[in-house]
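Notes for the one structure printed next.
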2 protein chains.
Amino acid sequence: MLIVVGGPEGRPGQLEVSSSQAQRRGVVQEGVESGSWKSAHPAPSPGGHVLRVLTAPPPTDSPSTCLPTSRLKRSPLKVRFCTNESQKSRGDLVGLLRRLGFDISEGEVTAPAPATCLILKERGLRPHLLVHDGVRSEFDQIDTSNPNCVVIADAGESFSYHNMNKAFQVLMELENPVLLSLGKGRYYKETSGLLLDVGPYMKALEYACGIEAEVVGKPSPEFFKSALQEMGVEAHQAVMIGDDIVGDVGGAQRCGMRALQVRTGKYRMGLDDFL
Amino acid sequence: MLIVVGGPEGRPGQLEVSSSQAQRRGVVQEGVESGSWKSAHPAPSPGGHVLRVLTAPPPTDSPSTCLPTSRLKRSPLKVRFCTNESQKSRGDLVGLLRRLGFDISEGEVTAPAPATCLILKERGLRPHLLVHDGVRSEFDQIDTSNPNCVVIADAGESFSYHNMNKAFQVLMELENPVLLSLGKGRYYKETSGLLLDVGPYMKALEYACGIEAEVVGKPSPEFFKSALQEMGVEAHQAVMIGDDIVGDVGGAQRCGMRALQVRTGKYRMGLDDFL
């Protein structure tokens, strides 16, 4: 998950409050081994707004890792959480993070499921849902009868052969197959180890059907822009920090934001460096 | 599945014996609507060898569809079956086809599992197998302890989230991850409808790990060449016929063979035409 932090009073030095902890966990920045907060893009011009992003720890981490968030919330900076979480509703996600000590409200979260619902309504799309049961409630107000598209999210164990075939068959029956994917992350880290995210399954359906999915969530520029708009800052005023070199860092950079990668979470030396 | 037919005495007209039946089922050839056996490449020079390929019906088809095969087997042409079947061992596949009336022996089959075993032995690879139980016996002589590669085949219901994660985790633990895929077909047709083949799952692992799989089977040129070598004919002497525009037609053409696509099996108007 990504925590977006920013505001009109921001300047590059302000986030040093959390850098020592981040460095203990192994901060890595593009072109920088470690040791300082240095973005992949040039620093903003003097007086410019700064928007920053930090990775949040996974829910199983110690509550002490919430400290940077708390200190940022007490600063003049705006805080926003940009997540590709698609196994839980926003309410469940915020509830979990609050129990872990995070100072966060549902209104501060930019998540792909609500963004997808807006797209579905705007375009008159009725989805076949290949999603985790935990996020299904986000689609309660969506007509899913006689599907004319497929929505895929991080479905976890629901990524069975049977369910993948069903989604595939729905797409193949459509004259103009539409596949919406809530993110395209490659994998994430749980206590049990690395687990496949929605991206690989999105790629599987793309290949099987000869189509290209529409990604809702990071690294889609539209998703980053919606988070910036909700905060009232411009892309060049923002720095993003995440553990996913593609979804967090690459997506933010293509959107005109500065970006940092941390060596926490699913970061893997070598593989990400190569990318 | 693909039936390769050819031999030194072959000439283009000889296969007309089976064309009427093929036309009833809807033969399509590149650039030709229907009606005649015309390849996508120029005809071979007079006196040249001719190698031809027909699609076999799926095992559930009527035994009457075996007729073209029987007539070809009685001709001076050599016959070879090139298949990406990776749910069954060659023995089981041939047994099934014989019960359906096909005149076929195990020695006439070029299949990806035996070819993969040769590669594994040559390169000292110990695979983690993500394969269907029906083909596992082909790997009985292979050391699967302490895996240093992953072999993926059409695993059917074994393409569970758990099993996909296991294969992914094995690859991510390797310094130089090697993924061997028995074919890269997109889908195939069963009586229950279209089902995902190994290709989409290969693409999923490729994307998750940031690697490229080595494909054993159609459309790999090495696979077609091995079939040609086993028959003692050159690529330019061959015509291939299959229902998969990528695996059968495209692969054969890239290998220097002529190729025909039939409108049987999984052929789908529009999608394949676009490709």
Side-chain angles (χ1 to χ4, degrees), chain A residues 87 130 132 152 154-177 179 181 184-190 192-211 213 244-246 266 268-275, chain B residues 87 130 132 152 154-177 179 181 184-190 192-211 213 244-246 266 268-275:
Chain A
Q87 282 201 350
L130 178 48
H132 195 279
I152 185 174
D154 175 16
E157 294 293 343
S158 293
F159 277 137
S160 65
Y161 186 60
H162 175 82
N163 288 347
M164 281 291 287
N165 273 317
K166 179 61 189 168
F168 163 66
Q169 288 160 1
V170 168
L171 287 168
M172 292 294 273
E173 287 297 321
L174 298 173
E175 193 173 350
N176 296 305
L179 173 62
S181 182
K184 61 176 197 178
R186 294 178 295 154
Y187 56 86
Y188 54 90
K189 191 176 183 179
E190 290 282 358
S192 59
L194 299 180
L195 296 179
L196 292 169
D197 201 347
V198 64
Y201 287 93
M202 177 196 83
K203 289 289 178 185
L205 290 177
E206 283 185 337
Y207 178 72
C209 302
I211 61 174
D244 189 314
I245 192 71
V246 176
K266 64 185 171 187
R268 284 173 57 89
M269 184 79 77
L271 181 66
D272 282 0
D273 296 346
F274 172 75
L275 289 171
Chain B
Q87 282 201 351
L130 177 49
H132 195 279
I152 185 174
D154 175 17
E157 294 293 342
S158 293
F159 277 137
S160 65
Y161 187 60
H162 175 82
N163 288 348
M164 281 292 285
N165 274 318
K166 179 62 188 168
F168 164 65
Q169 289 160 1
V170 168
L171 288 169
M172 292 294 273
E173 288 298 320
L174 298 173
E175 193 172 349
N176 297 306
L179 173 61
S181 183
K184 62 174 195 178
R186 295 179 293 152
Y187 56 86
Y188 53 90
K189 191 175 183 180
E190 290 282 359
S192 60
L194 299 180
L195 296 178
L196 292 168
D197 201 347
V198 63
Y201 287 93
M202 178 196 81
K203 289 287 178 187
L205 290 177
E206 284 185 336
Y207 177 72
C209 303
I211 61 174
D244 190 313
I245 191 73
V246 176
K266 64 185 171 187
R268 281 172 59 88
M269 185 78 77
L271 181 68
D272 282 2
D273 295 345
F274 172 74
L275 289 170

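Per chain, numbering begins at 1; letters A, B, ... match sequence-line order.
Ring pair A:Tyr201/B:Tyr161 is tilted by interplanar angle, where 30° to 60° counts as tilted.
A distance-only check finds a donor-acceptor pair linking the side chain of B:Gln169 to the backbone of A:Leu194 [under 3.5 Å]. Under a 3.5 Å cut-off, the side chain of B:Tyr207 and the backbone N or O of A:Lys184 do form a donor-acceptor pair.
A distance of 6.5 Å separates CZ of A:Arg186 from CE of B:Met172, quoted to the nearest 0.5 Å. The line from NZ of A:Lys203 to CE of B:Met202 is 12.5 Å long, rounded to the nearest 0.5 Å. One distance of note links CE of A:Met164 with CE of B:Met164; it measures 8.0 Å at 0.5 Å rounding. In this structure, CZ in B:Phe159 is found 13.0 Å from OG in A:Ser160, a value given to the nearest 0.5 Å.
Per-residue heavy-atom pair counts under 4.5 Å with chain B were compared for A:Asn163, A:Asn165, A:Leu205, and the maximum is reached by A:Asn165.
For chain B, the nearby parts of A:Glu157 are the backbone and the side chain; heavy atoms of each come within less than 4.5 Å.
When all heavy atoms of B:Leu196 and A:Phe168 are compared, the closest pair comes out as CD2-CG, 3.6 Å.
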